[in-house]
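Have a look at the structure below, then the notes.
Just so you know, ligand 1 is whichever comes first in the structure, and atom 1 is the first atom listed for that ligand.
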Amino acid sequence: MSGNESRLQAISNIINRQKTVVHKPEPLDKIWATDVFNLAKMEEALNKSAFKAVKQTVQTGAPLDPAVADVVAAAMKNWALSKGVKFFSHIFYPMTNITAEKHDGFIVTNAEGNAITEFSGSLLIKGEPDGSSFPNGSLRMTNAARGYTAWDPTSPAFIMHTENGSTLMIPSVFMSWTGEALDKKIPLLRSISAMDRAAKKVLTLMGETDIAPLNSSCGAEQEYFLVDSNFALARPDLLLAGRTLFGAAPAKGQQFDDHYFGAIPERVQVFMQDFEDQLYRLGIPAKTHHNEVAPGQFEIAPYFESANIAADHQQLMMTLMKATAKKHGFMCLLHEKPFAGVNGSGKHVNWSVGNATQGNLLDPGKTPHDNLNFLLFCGAVIRGVHQYGPLLRAVIASASNDHRLGANEAPPAILSVYLGDQLEKVFQDIKAGNIATSKKGGEMDLGLSQILKFERDPGDRNRTSPFAFTGNRFEFRAVGSSQSVSGPLVAMNTMLADSLEWIADKLKTELDSGKDQTNAVLAVLKQLMEQHGNVVFGGNGYSEEWHKAAVEERGLKNLPTSADALPYLRDDAIRELFARTGVFTPVELESRFEVYAEQYILSIEVEAKLVIEMAKTLIYPSASQYLAELSVTHTSMADLGIEMNNAVVSTIAQETNAMLTTVADLQAAIEKHDFDSIEAHMKFCANDIRSLMDKVRSHVDMLEGEVADDLWPLPKYREMLFIK
Ligand code: ADP
Ligand code: MG
């Protein structure tokens with residue numbers, strides 16, 4: 001069979017596909033949060049005192065009385081049963097980017113053999129999956145792999161529907177019997193507490209007396225690709241690695257920019273609508289969707305929510321997105337760089353902090369006093385990114401995100417902060433001591449709320465910055481599309497907590513020395529900018545000059561690969577940061593390093609094996625078949641006395657041989673296992689293995705341009721990107 005047959009078959013399948021039947025969209029108020037056991041439903045179902053207790057827990061994180069848990073469990077079960085649910089599951093987030101579940105039935109039988117249902121407070125609170133098959137890093141040794149899940153009442157339970165039935169899902173944390181965090185939720189909750197404690201110190205020094213619990217908020221913009229499943233199924237690399245390991249650039253790529261914000265293809269619109277209706281049922285506020293820069297690339301962004309809930313919802317969205325795409329005959333690619341030479345996918349994490357009494361603290365506010373609070377919190381972020389840039393780089397490190405960071409479309413692997421011209425000038429003026437502070441005792445109006453309104457215009461924003469202020473929040477743009485938002489949120493909350501502690505300390509000293517509030521704040525911010533102002537950068541982050549200047553003149557770190565970044569999780573300063581703030585114990589942090597390093601190595605090894613297999617079993621056969629056909633033709637022509645041009649034959653022969661030689665080198669490389677350290681193993685993957693993989697690819701992509709189209713076995717870029 002020639003290669004083209006399977007490709008033509010795929011194309012014909014796509015042309016003749018049956019349209020996915022979707023139900024007519026229902027009005028929002030009919031479907032909104034129908035599958036969520038939220039506070040409104042609890043209020044209906046619970047007695048007054050139980051509801052009050054749960055509400056207190058949901059809003060402040062206060063522990064819940066076990067007796068109340070029994071009441072909640074009963075109500076939750078009745079609600080779920082009334083919707084046809086027979087199973088429940090604690091849902092949790094292990095250290096990988098995945099979401100894990102273990103389902104149990106409500107059913108038990110009684111002495112008469114009747115089926116009755118049971119769901120107690122203790123079942124709601126605690127589940128016991130066997131933790132042994134989740135990667136736990138060094139915690140595996142210390143805890144004999146036992147782990148249990150515990151209900152997180154601050155994130156509402158919900159129902160997941162599939163063709164095969166519906167399940168009540170209970171958001172949970174996952175920890176070892178000795179109390180170590182084995183997941184991504186516990187550190188997130190701890191980082192919020194650390195930030196809350198530190199922020200309260202600063203706000204108290206600023207004279208605030210009524211201070212509600214502080215939380216961070218998150219709105220994540222998710223980019224993704226849709227490829228028809230007929231093509232995806234014909235590409236082992238898309239199936240197993242989520243990206244194309246081979247593929248020559250098409251004649252038309254994204255140069256025309258005609259896809260960005262263009263009309264959404266109809267089939268994709270149908271998918272989006274189906275997907276978003278499911279999100280609404282789950283109480284996830286999907287808000288914007290549009291085409292992205294690359295052909296076949298799209299974005300969805302929900303309205304922001306508190307960090308813990310946003311993180312749960314983000315995981316749920318990724319799961320649902322893939323499942324819904326499948327239903328519509330697509331494969332949804334969340335990989336950061338599925339197609340070489342085409343824009344990659346990121347996840348912009350919009351983040352701010354605030355509470356019910358002071359509001360959003362990254363919003364300049366309307367009064368001079370608000371302006372001061374804003375400057376302090378904004379300053380805290382600047383210091384955090386400067387002090388802990390390598391940590392921010394480490395929490396977004398993955399084999400897949402490495403392909404995107406530092407390429408010519410995504411933020412560089414150097415962490416800097418973009419403030420916008422006007423706010424940058426305010427901070428530079430503070431640093432230079434140019435802000436008038438003459439008004440004795442009175443408040444000074446910095447007029448920030450007026451000038452910053454300006455900067456909210458998205459057109460003004462610097463898209464080349466990995467970490468940008470966007471009017472009332474920061475946007476961490478270097479996060480990868482397939483990653484959990486928890487790691488970045490933990491890092492941002494923790495660095496903020498640390499900076500706010502630093503600020504509280506300095507502010508107290510200044511106030512104690514007799515300065516008024518405004519002058520004390522300006523004095524602290526002056527010191528802050530002198531020590532950390534180097535991280536503020538408003539220029540072109542993609543430029544070569546910046547790469548040079550950032551490192552040589554400003555002393556910032558450029559960490560292009562995960563092998564460079566992940567070892568920072570073992571850095572003393574970072575270990576102390578997490579220990580001091582109570583977010584990770586040193587053992588917990590070490591286990592993260594081990595898990596992420598292992599995953600990095602594993603994913604590169606899987607790809608390398610695939611490269612070898614595809615080169616040998618798909619590319620070599622098609623190239624040699626073409627050579628065989630050509631040589632028969634050339635020989636017969638020679639018999640007729642006609643000499644043929646041998647250029648194509650020699651190119652293919654050379655490229656094929658070179659490909660096989662490199663494949664053999666790659667095979668030898670992945671067999672090497674005697675490394676002195678895991679760091680050395682990572683470096684070997686980042687440098688040696690990846691460059692051999694690239695080398696094989698260059699030969700294969702060259703062959704794609706030479707071998708007859710009807711013999712080429714893999715769907716081509718033009719087909720995958722443009723046929724919908
Ligand atoms: P853009 O593409 O222009 O950056 P989008 O509208 O696509 O903006 O996404 C912006 C995201 O930022 C949305 O999820 C939005 O809800 C979120 N957001 C807005 N305000 C805040 C805030 N204070 N904290 C966190 N996220 C926010
Ligand atoms: Mg956007």
Side-chain angles (χ1 to χ4, degrees), residues 188 191-192 195 199 212 214-224 259-262 264 272 276 279-280 283-294 297-318 321 343-366 370 373-374 377-378 380-381 409-411 418-420 423 448-449 452-479 481 485-486 488-493 496 541:
L188 178 56
S191 73
I192 295 168
M195 190 268 295
L214 284 107
N215 204 336
S216 55
S217 57
C218 163
E221 301 162 54
Q222 172 80 56
E223 294 176 339
Y224 61 98
H259 182 70
Y260 196 37
F261 286 123
I264 300 172
M272 284 176 169
E276 283 157 0
L279 295 181
Y280 290 145
I284 302 177
K287 183 134 173 79
T288 50
H289 61 223
H290 56 78
N291 287 353
E292 260 303 324
V293 179
Q297 192 188 27
F298 308 92
E299 177 183 304
I300 175 163
Y303 192 70
F304 70 96
E305 301 177 281
S306 67
N308 180 31
I309 298 194
D312 285 3
H313 281 173
Q314 231 287 315
Q315 291 297 116
L316 193 50
M317 268 181 59
M318 290 197 285
M321 232 166 149
N343 247 52
S345 298
K347 177 140 57 198
H348 295 178
V349 176
N350 292 270
W351 163 83
S352 66
V353 298
N355 64 5
T357 42
Q358 276 71 37
N360 177 359
L361 286 151
L362 289 174
D363 190 310
K366 294 209 169 51
D370 286 347
N373 280 345
F374 162 72
F377 277 76
C378 199
V381 175
E409 46 167 89
Y418 171 78
L419 294 176
L423 186 59
L448 290 178
S449 38
L452 289 173
K453 266 208 194 93
F454 235 18
E455 311 238 343
R456 272 180 218 185
D457 172 10
D460 248 11
R461 289 186 217 156
N462 184 331
R463 298 248 158 220
T464 68
S465 172
F467 207 95
F469 180 70
T470 53
N472 61 355
R473 61 189 188 268
F474 278 90
E475 188 172 330
F476 190 8
R477 303 211 182 102
V479 182
S481 49
V485 295
S486 298
L489 289 170
V490 167
M492 291 190 284
N493 288 339
L496 187 68

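Checked against a 3.5 angstrom limit, the closest N/O atoms of C218 and ligand 1 fall outside it. The shortest N or O to N or O distance between H290 and ligand 1 is not under 3.5 Å. In terms of N/O distances under 3.5 Å, ligand 1 is approached by E221. Of the N or O atoms in P302, one or more lie within a sub-3.5 Å distance of an N or O in ligand 1. In terms of polar-atom proximity, W351 is not counted as a contact of ligand 1, lacking any N or O under 3.5 Å from an N or O of the ligand.
With contacts defined as side-chain heavy-atom distances shorter than 4.5 Å, the pair M272/F298 qualifies. In this structure the side chain of W351 reaches within 4.5 angstrom of the side chain of V381, judged on heavy atoms.
In this structure, F467 and F476 have tilted ring planes: the angle between them lies in the 30° to 60° band.
Contact annotation for E475 and ligand 1: only side-chain heavy atoms (C-beta onward) come within less than 4.0 Å of the ligand. Contacts with ligand 1 closer than 4.0 Å are made by no heavy atom of H348, backbone or side chain.
Listed here is the closest heavy atom pair of H290 and I264: CA-CD1, 4.2 Å. Nearest heavy atoms, L279 versus A286: CD1-CB, 3.9 Å. Between P302 and A220, the shortest heavy-atom distance links the atoms CD-O, 3.2 Å.
Screening V485, L489, I309 for a side-chain contact (heavy atoms from CB on, under 4.5 Å) with Q314, the sole residue that qualifies is V485.
Per-residue contacts place S352 under 4.0 angstrom from the following atoms of ligand 1 (heavy atoms of the residue considered): 22 (C), 23 (N), 24 (N). Short contacts between ligand 1 and N360, defined as distances under 4.0 Å to a heavy atom of the residue, involve ligand atoms 23 (N). Under a 4.0 Å criterion applied to the non-hydrogen atoms of Y303, ligand 1 contributes the atoms 16 (O). Numbered from 1 in the order shown, with element, the atoms of ligand 1 that lie under 4.0 Å from a heavy atom of E299 read 7 (O).
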Stepwise side-chain hydrogen bond (donor to acceptor under 3.5 Å, both in side chains) check, S306 with N308: CA-CA 6 Å; S306 67; N308 180 31; over 6 Å; no
